[in-house]
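Okay, handing you the structure first.
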Protein chains: 2
Amino acid sequence: MQTSFMKESLATPVIPKKTVYRLSIYQRCLQRLIENDVSTVSSESLAGVAGVKPTQLRKDLAHFGQFGTRGLGYNVKTLVEMIRDALGRNRLQPVVLVGAGNLGSALLRYSGFQKEGFEILAAFDIAAKRGEPRVDGVPIIPQHEMSEFVNEHDVRMAILAVPMNAAQGVVDQLVAAGVQAILNFSPTVVDVPDDVMVKNVDLAVELENLSYFVRN
Amino acid sequence: MQTSFMKESLATPVIPKKTVYRLSIYQRCLQRLIENDVSTVSSESLAGVAGVKPTQLRKDLAHFGQFGTRGLGYNVKTLVEMIRDALGRNRLQPVVLVGAGNLGSALLRYSGFQKEGFEILAAFDIAAKRGEPRVDGVPIIPQHEMSEFVNEHDVRMAILAVPMNAAQGVVDQLVAAGVQAILNFSPTVVDVPDDVMVKNVDLAVELENLSYFVRN
DNA sequence: TTCTGTGAAAACCTTCACAGCT
DNA sequence: AGCTGTGAAGGTTTTCACAGAA
């Protein structure tokens with residue numbers, strides 16, 4: 001009873017996780033349409049490039065209201081704005097990266113994050129010394145300064161690329177310092193409170209999983 | 001009718017994709033148990049470290065037969081072997097990497113793949129020249145030699161880390177050369193025939209998606 | 001008693017079919 | 001005519017509840 005009420009509270013109209021995920025994909029596709037000066041798009045063609053069925057796209061959008069024009073399609077700009085709002089973020093979300101090793105440094109140099117409105121404020125590494133040279137403008141800071149930094153800069157998101165056995169410890173610190181969402185590249189499942197979201201990207205698991213689908 | 005028959009053909013007893021995915025995770029957890037000389041594990045504790053519910057773990061395993069001992073749990077070694085068999089692979093699956101840029105090079109140096117039984121035979125890059133120095137023992141080869149190499153070495157899996165606008169072209173070549181599974185780090189959805197499996201890992205999309213779950 | 005294996009129920013997600021705008 | 005919006009149907013995955021083996 002109470003649960004059902006909470007689920008339907010106006011603040012969060014229960015958007016399925018999978019829908020939220022696809023929204024990010026639609027967003028990326030729409031941005032490319034904008035670059036190509038396309039101003040209107042049908043559910044069929046947008047779904048096509050996003051790799052989903054048109055009905056699914058429409059159902060996904062329906063969670064947020066009515067944005068299309070029947071007989072015509074969707075206005076690209078309107079859609080982009082609506083998804084931006086739906087995903088929250090008045091943009092430029094601050095992020096920290098932990099673990100500036102092999103993979104971590106590559107992620108630091110990866111320009112895709114900035115382009116999508118995230119700013120990596122700093123990278124932390126256990127082996128970093130004061131005065132470490134910046135990588136692509138991002139300072140590399142000794143890890144023991146992490147908690148304070150996260151607190152002070154109101155950082156809510158972190159990218160984790162530390163070795164397996166360090167992961168849980170770092171996560172605990174991050175959570176204690178106020179981080180609410182973690183993109184975890186460390187090859188281990190970490191424990192967090194219910195109100196913290198973790199997305200695991202375990203490269204070896206992904207490959208292993210894929211290998212199931214190759215025929216001999 | 002026919003579809004239903006095909007679905008139940010003995011060769012493939014219809015394992016849900018999500019189950020297959022979790023199998024890889026269980027495998028990783030079990031390996032750690034072996035390192036710690038744990039010989040028996042209950043569905044509850046294995047599920048705990050894998051981040052799933054015990055019933056789900058049992059349902060997943062049930063697809064392949066009965067492996068547990070009631071009142072006791074599962075034999076770790078037996079389980080590892082059963083999962084290895086289930087995931088197929090007599091191990092050491094050959095893989096190629098395409099795109100030895102920023103992210104690609106980091107992936108090349110990532111040791112997790114080898115450890116899980118994959119061998120990166122070669123990396124291809126459009127800018128590579130003959131006689132390029134090896135990275136971690138893996139040769140970097142000009143991209144125009146890719147198709148031939150894939151064909152000759154019977155490569156069935158590829159890791160893709162090329163820029164967005166190059167992705168589809170490379171995928172088409174890979175598929176034509178016989179690749180059946182692609183781990184795609186390029187920030188775009190690619191088109192493939194039904195019998196080719198693609199797993200997209202779009203870093204920016206993952207972050208964007210996560211940001212939905214941070215509260216202000 | 002403890003813990004697995006499993007039908008049945010519940011929850012969740014996708015697709016269909018078509019009504020309703022433009 | 002063309003394309004969106006949506007209730008209802010269909011499918012899949014997860015969870016429950018408990019029977020049954022060690």
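We use all heavy atoms of the structure for the numbers below, so side chains are in, but hydrogens, waters and symmetry mates are not. Naming: A, B, ... by sequence-line order, numbering from 1 per chain. Everything quoted here is computed from the prediction, not taken from an experiment.
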Self-check item: DNA chain D contacts among residues 64-78 of chain A, heavy-atom distance under 4.0 Å
Solution: A:Gln66, A:Phe67, A:Gly68, A:Thr69, A:Arg70, A:Gly71, A:Leu72, A:Gly73, A:Tyr74
Quiz item: Are the side chains of B:Met146 and B:Leu174 in touch, meaning some heavy atoms are under 4.5 Å apart?
Solution: yes
Self-check item: Between P of D:dC3 and CG of A:Leu79, the distance in whole Å
Solution: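 Spelled out: CG on A:Leu79 to P on D:dC3 is 16 Å.
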Practice problem: Give the minimum heavy-atom separation between A:Arg58 and A:Tyr74, together with the two atoms involved. | Solution: CG-OH, 3.7 Å
Quiz item: What's the spacing between A:Glu208 CD and B:Phe113 CZ if we round to 0.5 Å?
Solution: 11.5 Å
Quiz item: Going by heavy atoms closer than 4.0 Å, what residues in residues 18-26 of chain B are next to DNA chain D?
Solution: B:Lys18, B:Arg22
Exercise. Can you tell me the distance, in whole Å, between the CD atom of A:Glu44 and the P atom of D:dG5?
Key: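 So the CD-P distance, A:Glu44 to D:dG5, works out to 15 Å.
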Exercise. Could you list the residues that satisfy salt bridge (charged side-chain N to carboxylate O under 4.0 Å, His left out) with B:Lys199, not counting sequence neighbours?
Key: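 So B:Lys199 forms a salt bridge (charged side-chain N to carboxylate O under 4.0 Å, His left out) with A:Glu206.
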Quiz item: Residues from residues 47-58 of chain A sitting under 4.0 Å of DNA chain D, heavy atoms only?
Solution: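 Residues of residues 47-58 of chain A that come under 4.0 Å of DNA chain D are, in numerical order, A:Arg58.
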Quiz item: To the nearest 0.5 Å, what is the distance between CG (A:Leu46) and CD (A:Glu44)?
Solution: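 The distance works out to 11.0 Å.
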Quiz item: In Å, rounded to the nearest 0.5 Å, how long is the span from CG of B:Leu79 to CZ of B:Phe67?
Solution: 7.5 Å
Exercise. Nearest whole angstrom, please: distance from the P of C:dT14 to the CG of A:Leu61.
Key: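 After rounding, the gap between these two atoms is 14 Å.
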Practice problem: Check the distance between C:dC13's P and A:Lys59's NZ and give it to me in whole angstrom. | Solution: 13 Å
Quiz item: Side chains of B:Arg28 and A:Asp202: does their closest heavy-atom pair fall under 4.5 Å?
Solution: yes
Quiz item: Taking only N and O in the side chain of A:Ser42, is any of them less than 4.0 Å away from OP1 or OP2 of D:dC3?
Solution: no
Self-check item: Interatomic distance, A:Lys17 NZ vs C:dC13 P [rounded to whole Å]
Solution: 9 Å
Quiz item: What is the distance from atom CG of B:Leu30 to atom CG of B:Leu23, rounded to the nearest 0.5 Å?
Solution: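 If we round to the nearest 0.5 Å, B:Leu30:CG and B:Leu23:CG are 9.5 Å apart.
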Quiz item: Quick one: are A:Val80 and A:Gln27 in side-chain contact, heavy atoms under 4.5 Å?
Solution: yes
When the side chains of residues 104-112 of chain A are checked against the rest of the protein, which donor-acceptor pairs come out under 3.5 Å, sequence neighbours left out?
from, atom 1, to, atom 2, distance (Å)
A:Ser105, OG, A:Ala100, O, 3.0
A:Ser105, OG, A:Gly101, O, 2.4
A:Arg109, NE, B:Asn102, OD1, 3.1

Exercise. Rounded to the nearest angstrom, tell me the gap between atom NE2 in B:His63 and atom P in C:dG5.
Key: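 It works out to 13 Å between those atoms.
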Quiz prompt | A:Asp172: partners by side chain to side chain donor-acceptor pair (under 3.5 Å), with sequence neighbours left out | solution =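 If we apply the side chain to side chain donor-acceptor pair (under 3.5 Å) test to A:Asp172, skipping adjacent residues, the hits are A:Gln168.
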